[in-house]
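Before any comments, here is the structure.
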Amino acid sequence: MRPISPVQPWTPRAWLVGTSFLAASFVLALLLAPTVVIAEEKKDDAKKGAKAEEKDDNAKDEKADAKAPPAKEPTQAARTPLLPDILKEIKPYKSLIEAARQYFDLDEEQWKGRTALVAELEQHAAEGRYFLKDMEALRWLVYQGRSFEAQLTDRKWQKAFGVTEKKGLAGTLNWIKSEDLTLNFSIPKSYPKKDKDLRNKIPRGDPYPLLISLHEKRDYNDKYPGQALLKRRYPTKAWPELYENWIVMCPIAAAGNFVDKKGGMRDKVFRNPFAEFWRHYNIDFERIVLDGSEQAFVAATSMPVYFSGVILNGKWKLDDEQALLVKNFATLPTYVVNNPALAKQLREAGHEAVTAGVGGATLKTWMAERKRVPPTKFSWTVAPDRYDQVLAYWVNLDGTNWGAPKRQLDVDVVDTATEPNTIKIKALGINSLSLFLNDDVVDLDRKVRILINGHIEHDGIIKPQDERMEKVGRDFDFLFNREPVRIRVSMFFGWLTPARVVSLTVRPPRKVEPKKDDPKKAAVVRATPEEENRADRLWEKGNKLYGVGKLKPACSALKNLLKLPLNKHTDAATALHDKIMKELGFDVPDKGPDKVDDVGKKAGKKSDEDKDK
């Protein structure tokens with residue numbers, strides 16, 4: 001199959017020998033860019049066979065249509081696309097869809113499709129329709145134009161990839177197995193039976209929501225663990241609408257072990273099947289719901305960007321380490337089934353959107369309402385030894401300090417009169433960041449300000465690299481086909497980010513200086529542990545010098561102490577400093593030692609000792 005590699009063109013072997021730093025830096029591409037393992041000859045044979053079969057099917061269909069009336073098959077009338085407002089005035093949009101399909105077809109030369117699609121986008125932009133700016137219009141265009149590989153039930157695909165299949169489990173449930181891919185899955189009856197029906201129809205019906213359900217150890221005793229799981233959690237009689245309207249996928253792991261020794265999700269049994277699946281089916285990337293017990297919790301803390309919601313099953317509770325990671329998916333709606341204690345723990349740990357229930361009708365309603373919303377305010381924590389927690393929604397942690405006791409991120413997007421269109425980030429134990437932005441997060445038509453630890457790292461409009469892209473409003477190549485994320489190749493069309501600000505160095509937090517004209521409202525900055533240690537040394541030195549009558553050196557040491565942020569010696573040092581100044585014959589100013597000139601001096605006068613020097 002297609003194990004996911006850190007940088008798109010790499011092979012799995014290159015991934016295995018790659019450094020852990022590179023794996024962490026490019027986990028974004030690791031999740032989004034699968035590569036092919038099988039021999040290219042097999043792949044080409046499969047494609048040729050599929051095309052020949054499609055040609056034969058077309059000829060057969062034409063003959064059948066001439067002899068017989070149309071067959072009564074489930075229609076997709078209810079799935080006719082609801083065209084965004086930007087399209088309601090467009091009648092001849094067929095050429096736009098055809099250009100998009102040519103561009104996304106991986107069998108076509110990329111540059112040909114790009115030329116045609118950009119020309120169409122320029123024409124619409126000239127008439128005031130900017131598809132790449134309007135996120136709903138962009139998603140519609142992508143779903144109409146995206147390509148697909150053969151369905152997993154396709155015989156020629158199965159033969160090329162060494163896949164065996166079992167059909168008819170629990171109604172529409174299928175089971176496939178190969179060396180690299182084992183899963184149960186269910187496809188609605190209304191889904192197009194033939195690939196050509198999906199590829200050629202203009203317009204296509206709406207994409208289908210996807211439920212990913214992770215089985216437990218007890219389900220593995222069954223020959224088909226996914227079937228055992230779905231019978232238990234989502235029986236067909238009680239959940240007919242699920243199997244009629246949703247695609248359901250159940251990856252299989254030995255003994256239900258989806259988690260590796262370091263606490264992250266295993267690529268082979270979770271990420272790789274997930275990435276393989278979205279290549280074959282018309283799934284709605286804005287409506288993917290994850291379902292499981294503790295394994296689903298682990299996935300939610302490392303890759304919440306993929307999901308519109310998570311369902312937590314089973315009788316279990318959070319340990320201390322898990323509680324620290326809850327904020328990673330605190331903005332992701334979560335439904336807890338029959339475990340009020342767990343729901344309470346999640347809320348206490350900072351989760352903002354927890355629903356506790358018994359399943360059934362309330363869960364059905366909850367699932368129907370789920371649609372992914374990119375968060376504009378969130379926190380993120382990287383657990384010790386976890387190399388998979390470096391994609392915090394639309395912020396990629398390029399470099400983290402793996403030896404740091406804490407690796408944390410706090411992000412807040414604001415748009416006020418004093419902080420317009422601003423991304424504020426506080427980072428601890430992280431060396432560099434990259435931001436992948438779209439108009440759901442900030443207004444890309446305006447200046448974007450990025451503050452990291454109080455430092456302005458970017459302040460301006462994020463312009464396309466190609467001047468021609470300014471005509472269509474957004475950077476077409478960044479959006480679809482520019483490293484490290486090439487969604488045209490990976491087919492993860494849920495990652496629509498036309499603007500990037502990459503490799504921003506994370507500097508230490510900026511110290512906030514008190515406002516001298518308004519001391520009551522001045523920000524208080526406390527000393528760090530290192531500064532506290534220095535204050536201890538200076539306090540001890542000042543006291544010792546004062547005790548032996550060396551007033552000026554003592555005063556100098558105390559003045560250096562008072563230059564440090566607020567610490568445990570500040571008040572005592574201020575009092576002793578003022579006392580020494582008086583003993584030296586100076587008037588102590590009302591606002592403290594900062595108004596005094598260098599020790600031993602008065603304004604306009606010099607001591608005898610200074611004159612001698």
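Note that the numbering runs from 1 along the sequence shown for the chain.
With F104 as the partner, the ring-ring contact (aromatic ring centres under 6.0 Å, His included) test is satisfied by one option alone out of F493, F148, Y143: F493. Checked against L290 for a side-chain contact (heavy atoms from CB on, under 4.5 Å), the options L214, L210, L211, L312 give a single hit: L214. The one candidate from W495, W380, F378 that meets the ring-ring contact (aromatic ring centres under 6.0 Å, His included) condition with W394 is F378.
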Show the numbers, then the answer: is there a side chain to side chain contact (heavy atoms under 4.5 Å, CB included) between L106 and R279?
CA-CA 12 Å; L106 297 181; R279 301 175 69 89; 4.1 Å; yes

Could you give me the CA-CA distance, side-chain angles and deciding distance for N282 and Y191, then say whether side-chain hydrogen bond (donor to acceptor under 3.5 Å, both in side chains) is met?
CA-CA 9 Å; N282 189 21; Y191 194 88; 5.6 Å; no

Side chain to side chain contact (heavy atoms under 4.5 Å, CB included) between R488 and R482, intermediate numbers included:
CA-CA 9 Å; R488 177 181 175 270; R482 185 69 59 85; over 6 Å; no

What's the verdict on side chain to side chain contact (heavy atoms under 4.5 Å, CB included) for V336 and L346, showing C-alpha distance, side-chain angles and the deciding distance?
CA-CA 10 Å; V336 181; L346 291 170; 3.8 Å; yes

Does the pair D219 and Q227 meet the rule for a side chain to side chain contact (heavy atoms under 4.5 Å, CB included), with working shown?
CA-CA 8 Å; D219 301 310; Q227 176 179 247; over 6 Å; no

Would you please test Y243 and W239 for ring pair (Phe, Tyr, Trp, His ring centres under 6.0 Å) and show each step?
CA-CA 7 Å; Y243 298 99; W239 287 80; 8.4 Å; no

Criterion salt bridge (charged side-chain N to carboxylate O under 4.0 Å, His left out) on R155 and E165, from CA distance to verdict:
CA-CA 9 Å; R155 293 297 185 187; E165 178 188 16; 3.5 Å; yes

Verify side-chain hydrogen bond (donor to acceptor under 3.5 Å, both in side chains) between S95 and E120, making sure each step is shown before the conclusion.
CA-CA 8 Å; S95 60; E120 285 284 339; 3.1 Å; yes

In sequence, state the C-alpha distance, the side-chain angles, and the governing distance for Y281 and Y208, and then conclude on ring pair (Phe, Tyr, Trp, His ring centres under 6.0 Å).
CA-CA 9 Å; Y281 290 98; Y208 288 72; 9.6 Å; no

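When atom types are taken as modelled, the side chain of S293 and the backbone of G314 share no donor-acceptor pair closer than 3.5 angstrom. Of the possible polar contacts, none joining the Y393 side chain to the M303 backbone as a donor-acceptor pair under 3.5 Å is found. In this structure, D291 contributes its side chain and S213 its backbone to no donor-acceptor pair below 3.5 Å. In terms of modelled atom types and a separation under 3.5 Å, the side chain of N184 and the main chain of G226 share a donor-acceptor contact. Listed for the H215 side chain is no donor-acceptor partner under 3.5 Å among the backbone atoms of L229. At distances below 3.5 Å, not a single donor-acceptor pair connects side-chain atoms of K231 with backbone N or O atoms of T236. Under the 3.5 Å distance criterion, the side-chain polar atoms of H351 are left unmatched by any main-chain donor or acceptor of T331. The main-chain N or O of R204 is found under 3.5 Å from a side-chain atom of Q144 such that the two form a donor-acceptor pair. A donor-acceptor pair is defined here as one N or O able to donate and one able to accept, closer than 3.5 Å; such a pair exists between the side chain of R271 and the backbone of M265.
Ion pair K159/D154 not flagged as a salt bridge, since none of the NZ, NE, NH1 or NH2 atoms sits closer than 4.0 Å to an Asp/Glu carboxylate oxygen. The pair K189-E244 does not meet the salt-bridge criterion, since no charged nitrogen lies less than 4.0 angstrom from a carboxylate oxygen. E136 and R139 are joined by a salt bridge, as a carboxylate oxygen and a charged side-chain nitrogen come within less than 4.0 angstrom of each other. With respect to R199 and D105, no salt bridge is recorded, no charged nitrogen being found less than 4.0 Å from a carboxylate O. The residues E216 and R233 are annotated as salt-bridged, a charged nitrogen and a carboxylate oxygen being separated by less than 4.0 angstrom. For E286 and R372, the salt-bridge test passes: some basic side-chain N is under 4.0 Å from an acidic carboxylate O.
In this structure, the separation between CG on L391 and CZ on F436 is 8.5 Å, given to the nearest 0.5 Å. Separating the CD atom in Q295 from the CZ atom in R266 is a distance of 11.5 Å, to the nearest 0.5 Å. Between S186 atom OG and M249 atom CE the span is 13.0 Å, to the nearest 0.5 Å. In this structure, the separation between OG1 on T497 and CG on L437 is 8.0 Å, given to the nearest 0.5 Å. If you take NE2 on H124 and CG on L132, they are separated by 11.5 Å, rounding to the nearest 0.5 Å. Once rounded to the nearest 0.5 Å, the distance linking CG of L183 with CG of N272 reads 11.5 Å.
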Identify every side-chain donor-acceptor pair in residues 474-481 under 3.5 Å, counting partners at least two apart or on other chains, and give the distances.
from, atom 1, to, atom 2, distance (Å)
R474, NE, D439, OD2, 2.9
R474, NH1, D445, OD1, 3.1
R474, NH2, D439, OD1, 2.8
R474, NH2, D439, OD2, 3.2
R474, NH2, D445, OD1, 3.3
D475, OD1, D477, N, 3.1
D475, OD1, F478, N, 3.0
D475, OD2, Q465, N, 3.0
D477, OD1, R114, NE, 2.9
D477, OD2, R114, NH2, 2.8
N481, OD1, R486, NE, 3.0
N481, OD1, R486, NH2, 3.3

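L332 is listed as a side-chain neighbour of F307, based on a closest heavy-atom distance under 4.5 Å. Under the 4.5 Å side-chain criterion, counting only non-hydrogen atoms from C-beta, L96 is in contact with L141. For the pair D195 and Q151, the minimum side-chain heavy-atom distance is below 4.5 Å. The shortest distance between side-chain heavy atoms of N174 and L152 does not fall below 4.5 Å. At a threshold of 4.5 Å between non-hydrogen side-chain atoms, the residues T182 and W175 count as touching. Side-chain contact between S308 and K371: absent, with no pair of heavy atoms (C-beta onward) separated by less than 4.5 Å. Residues P209 and I283 are not in side-chain contact: their nearest non-hydrogen atoms beyond the backbone lie 4.5 Å or more apart. In this structure the side chain of F277 never reaches within 4.5 angstrom of the side chain of L181, judged on heavy atoms.
Remark: R287 qualifies as a cation-pi partner of W246 under the 6.0 Å distance and 45° angle criteria applied to the six-membered ring. A cation-pi arrangement is present between R370 and W366 under the rule of less than 6.0 angstrom and at most 45 degrees off the ring axis.
In the displayed structure, K223 atom NZ is contacted under 6.0 Å by at most 12 heavy atoms of other residues, nucleotides or ligands. Sparse packing is recorded around NZ of K217, with 12 or fewer heavy atoms of other residues, nucleotides or ligands lying under 6.0 Å away.
Y335 and T362 share a side-chain donor-acceptor pair at under 3.5 Å.
Close placement of the W278 and F274 rings is indicated, their centers lying within 6.0 Å of each other. Taking the six-membered ring for Trp and the full ring otherwise, F297 and F329 have centroids separated by under 6.0 Å.
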